[in-house]
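Remember, it's a predicted structure, so these values are computed and weren't measured experimentally. Below, read A as the first sequence line, B as the second, and so on, with proteins coming before strands; counting in each chain starts at 1.
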Protein chains: 2
Amino acid sequence: MKNSVGIVTPQTLHVRQPLQMVSGSVLPEYDLVYETYGQLNSQKTNAILICHALSGSHHVAGYYEIDGVQSKEAGWWNDYIGPGKPIDTDEFFVVCSNNLGGCNGSTGPASINPETGKVFGPDFPIVTVEDWVNSQNELRQHLGIKQWAAAIGGSMGGMQVLQWSIAYPDAVKHALVIAAAPKLSAQNIAFNEVARRAIMTDPDFHNGRFIEMGTTPKRGLALARMLGHLTYLSDDMMGAKFGRELREGKLSYSFDVEFQVESYLRYQGEKFATKRNFDANTYLLMTKALDYFDPASHFDNNLSAALAHAKAEFLVVSFTTDWRFAPERSHEIVKALLDNDARVSYAEVESEHGHDAFLLPNAHYEGIFRAYMKRVIQHVHSQEVAAP
Amino acid sequence: MKNSVGIVTPQTLHVRQPLQMVSGSVLPEYDLVYETYGQLNSQKTNAILICHALSGSHHVAGYYEIDGVQSKEAGWWNDYIGPGKPIDTDEFFVVCSNNLGGCNGSTGPASINPETGKVFGPDFPIVTVEDWVNSQNELRQHLGIKQWAAAIGGSMGGMQVLQWSIAYPDAVKHALVIAAAPKLSAQNIAFNEVARRAIMTDPDFHNGRFIEMGTTPKRGLALARMLGHLTYLSDDMMGAKFGRELREGKLSYSFDVEFQVESYLRYQGEKFATKRNFDANTYLLMTKALDYFDPASHFDNNLSAALAHAKAEFLVVSFTTDWRFAPERSHEIVKALLDNDARVSYAEVESEHGHDAFLLPNAHYEGIFRAYMKRVIQHVHSQEVAAP
């Protein structure tokens, strides 16, 4: 398989160190599921952390083996991670963990609460971007890595990278903050709230105890995903991809699916709620963590002050048609970094794909990404030379 | 009550002429509920038709008397209609009817189907903008009006005005198309589809037979309204109005309402679904009519050709922060009119209020509106002089 990391296997770190969470809750112990690709060098200076977005997971590249057969679906950023790819696994040791509160193996609302012997469900504590970064830091220590050569993330992943640079300034050499924002706008929060209401008002939600009740709030999850997906796409891209094209060629004058765009969105919603079986409580937690993220709030709403102690070098990337986290939101980050005379590169990439662009092939984006990662490689190599 | 049309009373026109609908269905007879303000002049040349938007009704100005007491809430465009207001009831005879398929008195899904003696519910035929205009034309004839001095509408109302100018070119002297679009974009349709799914997947929807089942799909309706409302507001305006302000002053780290914007949206959704008791089938019909509207589709997707036989003079108005029907959508209409050398005025009004701006006080908007309506008054007066 050319340019692929091939078959990958998740690992689990069981952390026995209690996690003091921002909400005031304490998680006495927890699992973090993660994958790694490439080889950690002897000085452990070539490690890259990938932070995932709302519906992502630790499975960021390569393929799983299921019943001896390689799965068809690759990890979610397989286009950008592998031998010879922008995040080159011939050079780097790549690490990605499933966020705490997730539903792909790390401890989350669908896990058993060891204190009660029952599923956490709605009792899983509210988790924040800060908590995620603190738990990822346990993984960093476990792997014996002093400093990430780079921490990289898009969307919610970009927020985690920002937080890494603030909370652990010495542990991040390069921070790649892609299609992100320093905090959600009122409109962003409003979209999250509609999605949460869709889940929470689904009669199958049972106040979050749906697993105990032997059901899942599929309708609410599907609606949340349809709405989310809608905001990831640009109006232009939807126009180009679907226009007003009809599924059956002519209007049916009924409430059946008629336009291609309806068919596409329903499919996305149903796939997420049934085939993927995403945990509804995880969806709620992730959107809430997004709403809460606002590092400037601890610094009198001054983002420059929040970033004053960051030591990383930054690459900030935005996409022209991203209206969820528009280029203006990246400008806020760049400006705050420049206020601190940080070393920052910024690119506004022309794309018709809206917020989703950060996941998709794009020559300009790939060029920028590749060029910047070359710089990260050079840094890694320069350290090798400098070593005694 | 200064500048108010005062207490108003709806009237009902029962149309016995069968309505041949675009879908192929025939409605053998139907009611249209309407209100009028001001006096029709002897030559019947001063009549103005107002067309309402998705959640609007025939109650466009003035107040109702309930149990001998004047209601607190005025009609939905009371700011713009009344003595001395832009649509001056000292000069004009203003008419507005509830759209067919509506839930405010005109025949719709909540009405009794005379053929079965039961509520129509989901059996009410799919209604289109063309059908609305054709039914409004019955009202025009009933009132003995040869030509509307102006037909005026915002959003979905603007689409009806466009359709009036196409279908009945001699019956409209001035057409005011405000915050509208010549057809929905794929994104617009997608938002409608999410709203419809919210309603149709609510277990209380019962395939549209909720009235027979003695219930209403309140959860779905509230979600649909929250989402609709979100798209009517601009990101800037939500930022200015709500920012990231917290309802209780501090984060609760729970799924309770925390941000002001959440509280606002939930209130809007619940008000619509419970207090106002909007019919869910009507909501579905209205969004479907929006999706279907595409006059150019009958002319090889050429809007200029669709408007070639329109005889009205046009005022087209858009609002800078309206992302539902952005100024570019109004440009399409203006361009098509100019292709036909129509007499058209166009204004792009600076406003922070998004799509909702067409309903709200705004000095620039009011100035344009007032100036244009003066021209309409002059036309009415010139006809009086010209009369034998």
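- With a 4.5 Å cut-off on non-hydrogen atoms, B/Leu184 touches chain A through its backbone and its side chain both.
- Of residues 191-206 of chain A, those residues lying under 4.5 Å from chain B by any heavy-atom pair are A/Phe191, A/Glu193, A/Val194, A/Arg196, A/Arg197, A/Ala198, A/Met200, A/Thr201, A/Pro203.
- Of the two parts of B/Lys183, the backbone and the side chain both hold a non-hydrogen atom closer than 4.5 Å to a non-hydrogen atom of chain A.
- The residue among A/Trp323, A/Phe259, A/Tyr264 with the most heavy atom pairs within less than 4.5 Å of chain B is A/Phe259.
- Among the candidates A/Ser254, A/Ser185, A/Gly243, the residue making the largest number of heavy-atom pairs closer than 4.5 Å to chain B is A/Ser254.
- Between chain B and the options A/Asp236, A/Leu233, A/Asp294, heavy-atom pairs under 4.5 Å are most frequent for A/Asp294.
- B/Phe255 touches chain A through backbone and side chain together, each having a heavy atom under 4.5 Å away.
- Residues of residues 273-286 of chain A that come closer than 4.5 Å to chain B, counting heavy atoms only, are A/Leu284, A/Leu285, ordered by residue number.
- Your options are A/Arg219, A/Lys288, A/Arg244, A/Glu262, and the one with the most heavy-atom pairs under 4.5 Å with chain B is A/Arg244.
- Side-chain contact between A/Ile189 and B/Phe242: absent, with no pair of heavy atoms (C-beta onward) separated by less than 4.5 Å.
- We find the CE-CG distance between B/Met238 and A/Asn188 to be 10.0 Å, quoted to the nearest 0.5 Å.
- The backbone N or O of A/Leu251 sits nowhere less than 3.5 Å from a side-chain atom of B/Tyr292 that would complete a donor-acceptor pair.
- Of the listed residues (B/Thr128, B/Leu265, B/Leu230, B/Leu227), the greatest number of heavy-atom pairs within a distance under 4.5 Å of chain A belongs to B/Leu230.
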